[in-house]
Amino acid sequence: MGVVASISGEKSKDPSIQPLVDLVDRGMQAVNQLILSKAGSNVEMIPEVAHHLISSGGKRLRPMLTLALADMFGYRGDGHVTLAASVEFMHTATLLHDDVVDESDMRRGKLAARKLWGNQASVLVGDYLLGQAFKMMVDVGSLEALRILSEASAVIAEGEVMQLGAAHNIATDESRYMKVVEAKTAALFAAAAEVGPVISEAPDGMQQAARRYGMDLGLAFQLVDDALDYGGSADALGKQVGDDFREGKITLPVILSVQRGSDGDRAFWKRCLETHELEDGDLDHAIELIKRTDALTDTIERARGFGASALSALQPLPEGEIRDALAEAVEFCISRVY
């Protein structure tokens with residue numbers, strides 16, 4: 001059974017991220033060139049591992065936020081390009097680290113770097129990319145932008161540690177899980193959005209509105225991903241449906257289903273996610289349990305709520321095609337669930 005979702009709950013024209021892509025196209029070309037140049041190293045394994053993940057796809061929404069929100073406030077210079085590349089390096093580093101922590105075999109439809117080069121190389125190349133990210137931040141010369149992104153890096157690391165405590169633990173509650181999502185995913189969205197107005201010297205209120213937009217978009221984005229693993233398609237998800245389940249990840253649909261299910265249901269989740277004793281048909285049963293307990297529907301509703309909050313955060317920002325494109329990006333994020 002599919003699910004069609006929009007923030008209003010009504011199906012309208014299909015929203016697209018393309019308007020945002022088109023508006024920042026020139027800047028993203030420069031970002032991509034900078035990413036390729038900064039991913040190089042005389043140590044042969046570093047560019048091999050980095051390019052494996054960098055070239056594997058992804059919408060690069062986070063750096064697009066940095067570019068768009070700098071352009072919105074009339075920024076002149078190339079600092080936004082450098083910061084956008086820094087943001088993408090931070091994101092790529094976290095993916096390399098996450099795949100090691102989660103023991104993931106696949107990433108964006110390809111073998112995870114750790115499966116090709118090993119866990120040690122994945123962690124160390126991730127560290128190298130973080131180092132390059134901070135070097136680029138320093139090159140921009142904005143102490144405030146450096147503060148925002150460095151704080152985000154620390155928060156992301158805290159989120160990764162928090163996730164360790166929640167991993168394969170069906171007793172994890174919604175509050176704890178949302179703290180992990182805010183730290184691991186939304187913090188970088190928020191920082192990416194905020195630094196554009198910061199280097200443009202926009203008023204403080206505008207900087208905070210951009211940050212709130214990024215934070216709420218990041219929260220919605222993750223909850224949509226959670227829902228897609230049990231109610232979407234491989235094309236929308238960018239990986240195989242059920243990957244979170246097979247890897248034993250505790251996500252919001254699971255948490256809600258565990259809380260609302262019977263003792264027998266909880267025994268099923270414990271076997272699958274804690275002891276990882278999977279049997280044929282378990283994924284189908286998990287999807288049935290999640291739908292029966294309305295866990296999927298409620299996860300989508302929470303995502304819609306954060307999406308609505310992101311749209312509200314845009315209201316104080318200057319009107320125009322950039323704000324319109326940022327709003328449509330929110331709708332696009334929610335519409336991926338169907």
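Everything quoted here is computed from the prediction, not taken from an experiment.
- Taking a cutoff of 4.0 Å between a charged side-chain nitrogen and a carboxylate oxygen, R246 and D105 do not qualify as a salt bridge.
- Nearest heavy atom pair, residue I54 against residue A39, reads CD1-CB, 4.0 Å.
- Separating the NE2 atom in H91 from the CZ atom in F189 is a distance of 7.5 Å, to the nearest 0.5 Å.
- Annotation for L273 and H168: closest pair O-ND1, 3.1 Å, computed over non-hydrogen atoms.
- With contacts defined as side-chain heavy-atom distances shorter than 4.5 Å, the pair K59/F332 qualifies.
- Remark: side-chain polar atoms of S55 are paired, donor with acceptor, to backbone N or O of H51 under 3.5 angstrom.
- Here the side chains of L65 and Y213 are in contact, with some heavy-atom distance below 4.5 Å.
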Under 3.5 Å, side-chain donor or acceptor atoms of residues 24-33 against the rest of the protein: list the pairs with distances, not counting sequence neighbours.
residue : atom : partner : partner atom : Å
D25     : OD2  : Q29     : NE2          : 2.8
N32     : OD1  : R60     : NH1          : 2.3
N32     : ND2  : M28     : O            : 3.2

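- With hydrogens and angles disregarded, a donor-acceptor distance shorter than 3.5 Å links the side chain of Q132 to the backbone of K38.
- Evaluation of the ring pair (Phe, Tyr, Trp, His ring centres under 6.0 Å) test over residues 104-151, restricted to residues two or more places apart or in two chains, returns H52-W117.
- Contact record, R62 with A192: O-CB, 3.5 Å, taken as the closest heavy-atom pair.
- Taking CG of L296 as the reference point, atom OH of Y230 lies at 10.5 Å (rounded to 0.5 Å).
- By the 4.5 Å heavy-atom criterion applied to side chains, L228 and V241 are not counted as neighbours.
- Using a 4.0 Å cut-off between a side-chain N of Lys or Arg and a carboxylate O of Asp or Glu, E182 and K179 do not qualify as a salt bridge.
- Using a 4.5 Å cut-off on side-chain heavy atoms (C-beta onward), S37 and L34 make contact.
- Without hydrogens or angle criteria, T297 side chain to D294 main chain gives no donor-acceptor distance under 3.5 Å.
- In terms of modelled atom types and a separation under 3.5 Å, the side chain of E274 and the main chain of I170 share a donor-acceptor contact.
- In the hydrophobic clustering (ILVMFWY side chains linked at under 4.5 Å, chained through shared members), V101 is joined by L164.
- For the pair K249 and D229, the salt-bridge criterion is not met [side-chain N within less than 4.0 Å of a carboxylate O].
- Taking CZ from R336 and CD1 from I300, the interatomic distance works out to 11.5 Å, rounded to the nearest 0.5 Å.
- A donor and an acceptor atom, one from each side chain of S104 and R114, are nowhere located under 3.5 Å apart.
- Contact detail for A113 and S122: the closest heavy-atom pair is C-OG, 3.5 Å.
- No hydrogens or angles considered: a donor-acceptor pair under 3.5 Å links the side chains of D265 and S262.
- Partners of E103 according to the salt bridge (Lys or Arg N to Asp or Glu O under 4.0 Å) rule, which considers only residues two or more places apart in sequence or in another chain, do not exist here.
- Hydrophobic clustering, defined by side-chain heavy atoms of Ile, Leu, Val, Met, Phe, Trp and Tyr closer than 4.5 Å, groups V100 together with V123.
- Contact annotation: the side chain of M136 never approaches that of V140 to less than 4.5 Å [non-hydrogen atoms, C-beta and beyond].
- In this structure, CZ in F221 is found 10.5 Å from CD1 in I334, a value given to the nearest 0.5 Å.
- Here the closest heavy-atom approach between residue F306 and residue D216 is recorded as O-CB, 3.4 Å.
- No more than 12 heavy atoms of other residues, nucleotides or ligands sit less than 6.0 Å from atom NZ of K115.
- No side-chain heavy atom of L326 sits less than 4.5 Å from a side-chain heavy atom of L217.
- Contact annotation: the side chain of M72 never approaches that of P197 to less than 4.5 Å [non-hydrogen atoms, C-beta and beyond].
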Go through it in stages, so that I can follow the logic: the residues are S309 and R212, the test is side-chain hydrogen bond (donor to acceptor under 3.5 Å, both in side chains), and I'd like the CA-CA distance, side-chain angles, deciding distance and then a yes or no. CA-CA 8 Å; S309 182; R212 181 185 153 207; 3.2 Å; yes
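- For the atom pair L83 CG and I148 CD1, the distance stands at 9.5 Å (nearest 0.5 Å).
- Rounded to the nearest 0.5 angstrom, D243 CG and D225 CG are separated by 11.5 Å.
- In terms of modelled atom types and a separation under 3.5 Å, the side chain of R211 and the main chain of A193 share no donor-acceptor contact.
- Scanning both residues, M45 and A121, for their nearest heavy atoms gives SD-CB, 3.4 Å.
- Residues R302 and E174 are in side-chain contact: their nearest non-hydrogen atoms beyond the backbone lie under 4.5 Å apart.
- Grouping Ile, Leu, Val, Met, Phe, Trp and Tyr residues whose side-chain heavy atoms lie under 4.5 Å apart, directly or via other members, leaves L124 alone, with no other cluster members.
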